[in-house]
There are 2 protein chains.
Amino acid sequence: MEKISETYEPAPDDALDTSAVAQSVTHQLRRAHGQFTNRFLLHFSRLSLRPAEFSVLSLIAQNPGRKQSEIAAALGIQRANFVVLMNELESRCLTERRSAPNDRRSHAIHLTPDGESLLADARRAEADFEADCLERLGGTRARDQFLTLLRRLLG
Amino acid sequence: MEKISETYEPAPDDALDTSAVAQSVTHQLRRAHGQFTNRFLLHFSRLSLRPAEFSVLSLIAQNPGRKQSEIAAALGIQRANFVVLMNELESRCLTERRSAPNDRRSHAIHLTPDGESLLADARRAEADFEADCLERLGGTRARDQFLTLLRRLLG
DNA sequence: TATTGTTATACTCTATAACTATA
DNA sequence: TATAGTTATAGAGTATAACAATA
C-alpha cells in the first residue's frame with residue numbers, strides 16, 4: 001500500500017559544502033597535524049614520550065656531546081623552549097648536561113643508559129607508527145614524496 | 001709559498017647528523033605545520049585572522065544558517081572548542097547566532113555584513129598566501145598531491 | 001535518554017623579551 | 001659586544017569531563 005502523501009524530502013541531514021576549505025593547504029595541514037599528533041601521543045603513551053621529545057632523544061643519540069643550542073637549532077626549536085624540554089628529560093634521568101671542556105657557558109648533551117634504553121623501546125614503537133603512516137599515505141614512494149613536499153614548505 | 005704545517009682540520013663547526021629525524025614524518029610534519037602557521041599569522045595580521053578563524057568564516061559563508069555543531073564537525077573542531085571561536089568572532093561582529101526555527105537548543109550561524117566584508121578581504125589575502133605556498137611546493141600538481149597525501153593521513 | 005551549547009581545565013608546541021654568566 | 005643558557009609570559013590549537021536546556 002502506498003503512502004498517501006509523498007512529501008518532498010528536503011534532506012534535513014544534508015552534508016555541508018566543504019569545497020572551499022577542502023582545497024586549503026592551511027586547513028588540511030592544521031587538521032592532519034592535529035590528528036597525527038594525537039595518534040602519536042596515543043601510540044607512545046606507554047613510554048610517556050611526546051613527538052618533540054622523541055625527536056630530541058633521536059638527535060642526541062646520533063650527536064652525543066654537542067651543545068644544547070646546536071641540538072635545538074638542528075631541530076628547529078628555539079633555545080628558550082628547548083631548555084624546558086631538556087629539564088623534563090633530565091628530571092626523568094634520560095639525558096644529562098655535562099660541562100663542556102672549552103666553554104663554561106655551554107653544556108655537552110648526552111643520553112644516560114636509561115635514555116639509551118628508552119630510545120631503543122621508542123624506536124620499536126616508531127617502526128609500528130611509521131608503518132601505519134606508510135599504509136595511510138600509500139607506500140614508500142608516497143611517503144618520500146610527502147616528506148619532500150613538507151621540506152619544501154620550510155624556510 | 002706553501003703553508004708549513006698543514007694541520008688536519010677537525011671541522012669544529014661540523015654540521016649535525018640529522019638523518020634519523022629528517023626521515024621522520026612525525027618531525028617534519030610538526031616543523032612544517034609550525035612554520036606554516038607562523039607565516040599565515042604574519043600574512044593575515046592586518047586582518048587579525050587566525051588559521052582556524054579563516055576556515056570558520058569560509059565554511060559559514062558557503063553554508064549559512066547551519067547549526068553550530070554542524071559547522072564545527074565539518075571542520076573537525078570539537079563543540080567545546082568551537083564555542084570559544086564563535087564567541088570571539090561574534091564579539092567582533094563578524095558572525096551571529098540566530099535562533100533556529102525548529103529546535104530551541106541549536107543556533108543557526110550566519111555571517112554579518114562586516115563578516116562578509118572581512119571574508120572578501122581575507123580571500124584576497126589567501127590568494128597571495130596560497131600562491132606563495134604553490135611556489136614553495138612546486139606547482140599545482142605538487143600542491144594537489146600534497147593535499148591528497150594530507151587527506152590520507154586523516155581518519 | 002540523547003543532543004546542543006556551554007564552561008572549565010589541561011596539554012603540546014610556538015614566539016618573544018629580558019636576564020645571568022661567560023667568551 | 002656577542003653567545004649559551006635560562007626564566008617568564010603569551011598565544012594557537014587540541015582533548016576531556018561535566019553541566020543546563022531542550023528534544
Side-chain angles (χ1 to χ4, degrees), chain A residues 12-13 26-45 48-56 66-73 75-90 95 97-109 154, chain B residues 12-13 26-45 48-56 66-73 75-90 95 97-109 154:
Chain A
D13 225 287
T26 303
H27 175 71
Q28 297 295 347
L29 187 53
R30 182 169 49 76
R31 280 204 69 178
H33 173 255
Q35 288 210 11
F36 193 87
T37 300
N38 289 338
R39 279 206 297 271
F40 186 98
L41 289 172
L42 193 64
H43 194 79
F44 285 77
S45 60
S48 294
L49 269 191
R50 295 172 290 169
E53 290 173 334
F54 176 61
S55 297
V56 171
R66 301 303 290 253
K67 286 195 299 183
Q68 194 169 302
S69 46
E70 286 178 322
I71 303 283
L75 290 170
I77 299 174
Q78 305 221 5
R79 287 200 320 278
N81 296 323
F82 198 70
V83 169
V84 185
L85 265 171
M86 289 306 300
N87 288 347
E88 169 67 16
L89 293 174
E90 202 167 59
T95 60
R97 290 182 252 215
R98 300 187 193 157
S99 52
N102 298 325
D103 190 336
R104 285 195 300 175
R105 291 174 302 180
S106 55
H107 294 156
I109 307 295
L154 297 181
Chain B
D13 224 286
T26 304
H27 175 72
Q28 297 295 347
L29 187 53
R30 181 169 50 77
R31 281 204 69 176
H33 173 255
Q35 289 209 12
F36 193 87
T37 300
N38 288 339
R39 279 206 295 273
F40 186 98
L41 289 171
L42 193 64
H43 194 78
F44 285 77
S45 59
S48 294
L49 269 190
R50 295 172 289 169
E53 290 172 334
F54 175 62
S55 297
V56 170
R66 301 304 290 254
K67 286 193 300 183
Q68 194 168 303
S69 45
E70 285 178 321
I71 303 282
L75 290 169
I77 299 174
Q78 305 222 5
R79 287 200 320 279
N81 296 322
F82 198 70
V83 170
V84 185
L85 264 171
M86 290 306 300
N87 287 347
E88 169 67 17
L89 293 174
E90 202 167 58
T95 60
R97 291 182 252 217
R98 299 188 193 155
S99 53
N102 298 325
D103 190 336
R104 285 195 300 172
R105 292 173 302 180
S106 55
H107 295 155
I109 306 295
L154 297 181

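A, B, ... follow the sequence lines: proteins, then strands. Residue 1 opens every chain. Excluded from the calculations below are hydrogen atoms, water molecules and symmetry mates; all remaining heavy atoms, backbone and side chain alike, are included.
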Q: From the options C:dG5, D:dT7, D:dA4, select the nucleotide whose nearest atom is closest to the side chain of A:Ala80.
A: D:dT7
Q) Counting distance only, does the side-chain N/O of B:Glu90 pair as donor-acceptor with the main-chain N or O of B:Arg97 below 3.5 Å? A) yes
Q. From C:dT6, C:dT22, D:dT6, pick the nucleotide closest to the side chain of A:Arg79?
A. D:dT6
Q) If only side-chain N and O atoms of B:Gln78 are considered, is one of them under 4.0 Å from the OP1 or OP2 phosphate oxygen of D:dA15? A) yes
Q | Phosphate OP1/OP2 of D:dT6: any A:Gln68 side-chain N/O under 4.0 Å | A | yes
Q.
Between C1' on C:dC11 and CZ on A:Phe44, what's the gap in Å once rounded to a whole number?
A. 18 Å
Q: Taking only the side-chain heavy atoms of A:Ser106 (C-beta and beyond), determine which of D:dA4, D:dG13, C:dG5 contains the nearest atom.
A: D:dA4
Q: Using whole Å, report how far CG of B:Leu29 lies from P of C:dC13.
A: 12 Å
(Q) Can you confirm whether B:Gln78 sits close enough to B:Asn81 that some side-chain heavy atom of one is under 4.5 Å from a side-chain heavy atom of the other? (A) yes
**Q.** A:Arg97 side-chain N/O to D:dG5 phosphate OP1/OP2 under 4.0 Å
**A.** no
(Q) So, applying side-chain hydrogen bond (donor to acceptor under 3.5 Å, both in side chains) with A:Glu70, which one of A:Arg66, A:Lys67, A:Gln68 is it? (A) A:Arg66
**Q.** Geometric class of the A:Phe40/A:Phe54 ring pair [parallel <30°, tilted 30-60°, perpendicular >60°]
**A.** tilted
Q.
Does a side-chain N or O of A:Asn38 approach OP1 or OP2 of D:dA15 to a distance below 4.0 Å, or not?
A. yes
Q.
With nearest nucleotide decided by heavy atoms, which residue, A:His33 or A:Asp103, maps closer to the 5′ end of DNA chain C?
A. A:His33
**Q.** Length of the CE-P vector between B:Met86 and C:dG5, whole Å
**A.** 10 Å
Q: For B:Lys67 and D:dA21, give me the distance from atom NZ to atom P, rounded to whole Å.
A: 20 Å
Q) Quick one: does B:Asn81 reach the base of D:dA15 with a side-chain donor-acceptor pair under 3.5 Å? A) yes
Q) Side chain of B:His107: nearest nucleotide among D:dT14, C:dG5, D:dG5? A) C:dG5
Q | Distance in angstrom units between B:His27 NE2 and C:dT14 C1', rounded | A | 14 Å
**Q.** Residue B:Arg30, side-chain atoms from C-beta onward, closest of C:dT7, D:dG13, C:dT14
**A.** C:dT14
Q) When the nearest nucleotide of DNA chain D is assigned to A:Ser69 and to B:Ala52 on a heavy-atom basis, which residue is associated with the more 5' position? A) A:Ser69
(Q) Without decimals, in angstroms, what is the distance between B:Arg66 CZ and C:dT4 C1'? (A) 15 Å
(Q) Both B:Leu41 and A:Gln35 contact DNA chain D. Which one's nearest nucleotide lies toward the 5' end? (A) B:Leu41
Q: Heavy atoms only: give me the nearest B:Ile109-B:Met86 pair and the separation to one decimal.
A: CG2-CE, 3.7 Å
Q.
From C-beta outward on A:Arg104, which listed nucleotide comes closest to its side chain: C:dT6, C:dA23, C:dC13?
A. C:dA23
Q.
Looking at A:Arg105, I'd like to know whether one of its side-chain N or O atoms comes within less than 4.0 Å of OP1 or OP2 on C:dA23.
A. no
Q) How many Å lie between CD on B:Glu88 and P on C:dT6, as a whole number? A) 15 Å
Q. Side chains of B:Ser55 and A:Arg30: does their closest heavy-atom pair fall under 4.5 Å?
A. yes
Q | Distance, rounded to the nearest Å, where A:Glu53 contributes CD and C:dC11 contributes C1' | A | 12 Å
